[in-house]
Amino acid sequence: MQGPLIDTLARQGVTRRTFLKYCATLASMMALPPAAGRAMAEAMAAVRRPSVIWLPFQECTGCTESITRSHSPTIEGMIFDMISLDYQETLMAAAGHQAEEARQNAMKANAGKYLLIVDGSIPLGQNGAYSCIGGRSNVDILKEAAGGAAAVIAVGTCASYGGIPKANPNPTGAVPVSDIVKDKPIVNIPGCPPIPVVMTGVLAHYLTFGSLPELDDKGRPKSFFGETIHDRCYRRPFYDQGKFAKTFDDEGARRGWCLFELGCKGPVTHNACATVKWNGGTSWPVESGHGCLGCSEPDFWDGGGFYKALSAPADPLKFAAAASVVGAAVGVGVSFANRAKKNKAKATHETITVADLEK
Amino acid sequence: MTDLQFLTWTRGPGLDLAVAVFLLGVLWRLIEIYTLGRKKDLAAPRHAPGASGLHTVFRRSLPPPGMLKRSPVSYIGGYVFHIGLAIIVFLGAPHVLLIKNLVGVSWPTLPSQFIGLTAVVTMAAMVLMLADRINKPVKRFLSTFEDWFTWAVTFLPVLTGWMATQHLLLPYTQMLALHILSAEILLVVLPFSKLFHGFTLFGSRWYNGRVNAHKGVPV
Amino acid sequence: MSASLEKGIHALKEVIDAPIASYFESCVHCGLCAEACLFHTETGDPKYTPIHKVEPLRRVYEREYTLLGRLKKMIGLSKPVTDAELDEWQELVYDSCTLCGRCSLVCPVGNDIVYMVRKLREGMAVSGHAPAGIRSATKNTVESGGPMGLKWPAVANVLRKAEESTGLRIPVDQEGAEYMVLLSSMEIVNYPEYIDALAKIFHKAGISFTLSSEAYEATNAGIQIGSSDLAKVIVSRIVDAAEKLKVKNVLSPECGHAYMAIRWEGPNLVGRPFKFNVVHVLELLDDLRLKGVLTMRDKLKDPLILHDPCQIVRRGGVLQAPEPLIRQVAENYIPIADKQKLNWCCGGGGGASAIHTEAAEALRATAFRIKKRQIEEAGVGTMVTFCANCRITIEEGFDHYEMNTKLLGLTELLAAHLEA
Amino acid sequence: MSLDAIPIQVVHTTPPGEPGLTGNAPPLLRELLEQVERLLETGVPSAIDLSALPLTPADMDWLRNALGPGEIDVTLDANGESTLSETGCPGVWWITHRNEQGAVTSQFLEVTFVPELVKAHPQDVAMGRETLERLLADL
């Protein structure tokens, strides 16, 4: 195991064994065979640092926070040490024209080879005027940057599916990356925010195998998003037994029963929280007593309320009043027509005589 | 459309639409039917105990003497599936949760195992009723497309609901979505088919009871 | 002549009302009404299912009075009711329906099917689809006063004979009498004993009564054929005569449809409440029984069962009177399972007995098996009833099945055993 | 309100009354046997990723008990502690990686003579030589 990376790491005090251990864990999380850990380590150690451009659009920086504040910055940071992060507004020292220049330079120098990471959705309303950088709209910048990228990684639910900016009524006309970039491979890493190891895992996969991991029908890496929260939830046995917490402070909640009735979206949410957990494996939402919000699924914000059970309606009385009025109006209309018809029939009644009984 | 989007649609816009069509249909049909009016009965009434519209509304819930023996399948099967549907719809936990969300009132529910069992019994009774409809000359003779269609529309929500809770055939997300969709189809079809008897039977029994009560006959 | 499909549809448009709409919308095709109809139970033919008999009415209702039906009609999705269809339904609406109303009693959603058959007949009659037998009965009643074409001199003759045999006076056209007595042609021709019996009872009770030479016929073929206009013509004679004679009560004879016509349809046909009461003879008799007037000389020993005529009991509401009266005169009255409002029709009501086609007669004979079974199950040799039309139909049935069961009229039976 | 009044309590992850054994552990012994045979015949090492399998803590305990303790325990201190323990079946190693917070990040059963991670890499050994040389030079 030799190469520029391992040397860099060694200089930073990261030992070879630490790196091997990290790769073994990463491979395990990505559901790769155990032997892949070593292969990953070998490959990554020798890799040339690819250029990465990170474009933030309509976002909250939560995705960046998630990755930079992860439990062991040196390990997660390791991956970032393997890449040449040429543009990241939040992290880079440069600002203004300098920063834009760095981006332009990186794009020119690595045309067709750089990885493009996007977080945040892209507003299309008012010609994209809702979000601009250096006087240029997000959609403009994205199109330009995607043009020379080898692949695009949409980090976070906003970039993947539009996220909160796209939530009803979507005032800015926000769309996900996949609505704009059609000719490049896109990996979606949804989550609000996404799990750090998932982000690094995808990068590691790209660095190791030179390709993107296998994706599901929503463009997410199957290795992390293959199963639902519900399928891997430690509270699942309670669901099967029909034991549900009814409020957040009842006996069921204290006993750690299933949170389905409190609106948990676990059964319909694909993510790795239940296995990878958060904050260095400390806990995750359900373990902390709160149902899954379904943040890694498209349109989770409009899924009918976080505290409404999946079997409960989102907003079923939306048209009720209007429908009742229309129904009553139709009924009254028909009623008038019927009465007119019947009265006419009565008015034109000809008294029947015996002669009317025969043809 | 993905599973979750399908489910979200059925829980959201789909349900909106179905409830809207249901309310629209019910009001329209009720007004259409009951504003046709009827003539006042000018004959001097005869009063008899137990003879009134209201009496008949309740009395017709029980088989008249001798009828249970003549058509046991219709009565027993009918009772079982109607009562079964009522138990499932009004005492199943997710349904009560739905009602609570709709109108704000809730009440205690029955264990899901019991509801599951009720669903099986209900489906068995419905299959029996279907077999009876196919076998019995009178029922087969009377049956139109609507009879088969409404049977299916009523059966599907029970089947999909049961399959969703038992985790059969399809993933929960999909089955739940199909269950809600089938219930929505039921809501949409109800006002415009014979299923509307759920509303009009009260009117019909009342009219029958009243017309005959005028003559002093408790029917 | 001038019957036409258009007139028929027009008539149906006039009579369709909220109950009919509610009934059709409620039907779930459960077929239970078939179990209550003797034409189905005895033949097993599903076409005799009561709700099926009113299918043309349903079609007209749907096309004329529902929005969806109107839309379907507009885009040609629903076919109009045709003459051929009504022709096919004639058998179902008349031959195989006696307006007995048993189906209306069992329908689980509460449909009053006989109500609908009665209304459908309005359209059938004026579209020329009423059976010839009922047509001629109606014609006779309207034109000559009674279904059998009986004229007053003949009636007067029968009354005279009754006076002779009883030695009692039978007043005619006497103003201010308490009761104006109506008869049915069948009684006049086939059961004149009824008149004797009535005379005896009135005299014993000391109640004044009279007959009207202008209105003696109680039966009303108009309601059987289903023409309210013609029924009105017939019933108006009675109303006019009763009001002219200023009687307190009009006494309906045993005949079932007569009672239905005058008691329940009458005020609705003439469009106003009556100034007199309409009383069925059994109601009067029961009243006399309660007053202690109706004491018996002796009682009939033979075991017997009662046949409750549909139009008097189930459809007419005279529910309580018959049993105490039969018990008054019979020692061995055996109540049967389906009695009172649950009784089974004789098969000849609703004008059916006036249809003399081979098919109709054969159907009536088949349907009569239910009465035969009731008699056999009870193991009796005597049956008592109180409707002239039932009596004719039942006797036809006895003849057909060569039964030697005795059939008696309740009023005559009471009169025969009346204490002098 | 005092903090204690807030009703929070630590829960067990398996429902009460559940033995927790899924029956998923015993088949692993068969797989280990195959892997051990392969190691003996060809010298090729292999591994089973325990964290990727649906094993409950009870299953893990069963497996650990079944394999029994071995002679060697290696502790690796690299961004959190890792333990590499030979089991009662020589050649079968139980490897647990923890992060700096002590949470288990991955667990493997490795079938090998000596786990790769234990061996020193030539480059590292070379660095060791430099260290030694420096030490000698400083003497």
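The figures here come from the full heavy-atom set of this structure, side chains too, leaving out hydrogens, waters and symmetry mates.
For C:K341, the NZ atom counts as densely surrounded, since its 6.0 Å shell holds more than 12 non-hydrogen atoms of other residues, nucleotides or ligands. Within a 6.0 Å radius of CZ in B:F141, other residues, nucleotides and ligands contribute more than 12 heavy atoms. Heavy-atom contacts from other residues, nucleotides or ligands closer than 6.0 Å to NZ of C:K339 number more than 12.
Of all heavy-atom pairs between C:I262 and C:P267, the closest is O-CD, 3.8 Å. Minimum heavy-atom separation, C:G316 to C:Y259: O-CE2, 3.5 Å. Nearest heavy-atom pair, C:Y23 versus C:G110, reported as atom, atom and distance to 0.1 Å: CE2-O, 3.7 Å.
For a residue to count as touching a neighbouring chain, one of its non-hydrogen atoms must lie under 4.5 Å from one of that chain's; by this rule B:V57 does not touch chain C. Proximity to chain B (any heavy atom under 4.5 Å) is shown, for C:S104, by both the backbone and the side chain. Within the 4.5 angstrom heavy-atom criterion, no atom of B:F202 approaches chain C. For chain B, no part of C:V278 is nearby; none of its heavy atoms comes within less than 4.5 Å. Using a 4.5 Å cut-off between heavy atoms, C:L105 touches chain B through backbone and side chain atoms alike. If you measure heavy-atom distances from B:A48 to chain C, you find no contacts under 4.5 Å at all. Heavy-atom distances place both the backbone and the side chain of C:T66 under 4.5 Å from chain B. If you measure heavy-atom distances from B:W28 to chain C, the contacts under 4.5 Å come from the side chain alone. If you measure heavy-atom distances from B:K40 to chain C, the contacts under 4.5 Å come from the backbone alone. Of the two parts of B:S74, only the side chain, counted from C-beta on, holds a non-hydrogen atom closer than 4.5 Å to a non-hydrogen atom of chain C.
Options C:Q320, C:R314, C:R263 differ in how many heavy-atom pairs under 4.5 Å they form with chain B, and the most are formed by C:R263. Between chain C and the residues B:R38, B:R140, B:R70, B:R210, the most heavy-atom pairs under 4.5 angstrom are made by B:R70. Your options are B:G203, B:P137, B:S71, B:A44, and the one with the most heavy-atom pairs under 4.5 Å with chain C is B:A44. Contact count against chain B (heavy-atom pairs under 4.5 Å) is highest for C:V28 among C:V28, C:I20, C:D45. For the options C:L32, C:L319, C:I16, C:V15, heavy-atom pairs under 4.5 Å to chain B are most numerous at C:L32. Most heavy-atom pairs under 4.5 Å with chain C, from the set B:D41, B:L201, B:L142: that is B:L142. Chosen from C:A21, C:G44, C:G271, C:A36, the residue pairing most often with chain B at heavy-atom distances under 4.5 Å is C:A21. The candidate with the highest count of non-hydrogen atom pairs below 4.5 Å against chain B, out of C:P273, C:A337, C:P108, is C:P108.
In this structure, C:E88 does not pair ionically with C:K47, as no charged nitrogen and carboxylate oxygen lie closer than 4.0 Å. Looking at B:R46 and C:E283, a side-chain N of the basic residue comes within less than 4.0 Å of a carboxylate O on the acidic one, giving a salt bridge.
By a heavy-atom distance cut of under 4.5 Å, not one residue of residues 78-95 of chain B is near chain C. Residues of residues 212-219 of chain B lying under 4.5 angstrom from chain C, judged on non-hydrogen atoms, are B:N212, B:H214, B:K215, B:G216, B:V217, B:P218, B:V219 in numerical order.
Applying the salt bridge (Lys or Arg N to Asp or Glu O under 4.0 Å) test to pairs two or more places apart or on separate chains, those with a residue in residues 141-162 of chain B are B:R133-B:D147, B:D147-B:K194.
Between B:T160 and B:S182, the side chains place a donor N or O and an acceptor N or O closer than 3.5 Å (distance only, hydrogens not considered).
Looking at C:R70, C:K73, C:R59 one by one, the single match for side-chain hydrogen bond (donor to acceptor under 3.5 Å, both in side chains) with C:E64 turns out to be C:K73.
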Please evaluate residues C:S22 and B:T200 with respect to the criterion side-chain hydrogen bond (donor to acceptor under 3.5 Å, both in side chains), reporting the C-alpha separation (whole Å), side-chain torsions for both, the decisive distance (0.1 Å), and the verdict. CA-CA 6 Å; C:S22 182; B:T200 55; 5.0 Å; no
Step by step, would you call B:R205 with C:S26 a side-chain hydrogen bond (donor to acceptor under 3.5 Å, both in side chains)? CA-CA 10 Å; B:R205 287 177 179 184; C:S26 300; over 6 Å; no
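No close placement of the C:Y61 and C:Y65 rings is indicated, their centers lying 6.0 Å or farther apart.
The OG1 atom of B:T122 lies 9.0 Å from the CD1 atom of B:I115; values are rounded to the nearest 0.5 Å.
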Review item, side-chain donor-acceptor pairs of residues 115-122 of chain C, under 3.5 Å, at least two apart:
from: C:Y115; atom 1: OH; to: C:D17; atom 2: OD2; distance (Å): 2.5
from: C:R118; atom 1: NE; to: C:E265; atom 2: OE2; distance (Å): 2.9
from: C:R118; atom 1: NH1; to: C:E122; atom 2: OE2; distance (Å): 3.0
from: C:R118; atom 1: NH2; to: C:E122; atom 2: OE2; distance (Å): 3.3
from: C:R118; atom 1: NH2; to: C:S228; atom 2: OG; distance (Å): 3.4
from: C:R118; atom 1: NH2; to: C:E265; atom 2: OE1; distance (Å): 3.1
from: C:R121; atom 1: NE; to: C:V93; atom 2: O; distance (Å): 3.1
from: C:R121; atom 1: NH1; to: C:Q224; atom 2: O; distance (Å): 2.7
from: C:R121; atom 1: NH1; to: C:G350; atom 2: O; distance (Å): 2.7
from: C:R121; atom 1: NH2; to: C:V93; atom 2: O; distance (Å): 2.8
from: C:R121; atom 1: NH2; to: C:C97; atom 2: O; distance (Å): 2.9
from: C:E122; atom 1: OE1; to: C:S228; atom 2: N; distance (Å): 3.3
from: C:E122; atom 1: OE2; to: C:S228; atom 2: N; distance (Å): 3.2
from: C:E122; atom 1: OE2; to: C:S228; atom 2: OG; distance (Å): 2.5

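B:R29 forms a cation-pi arrangement with B:F196, by the criterion of a distance under 6.0 Å to the ring centre and an angle within 45° of the ring axis.
In this structure, C:W89 and C:H52 have tilted ring planes: the angle between them lies in the 30° to 60° band.
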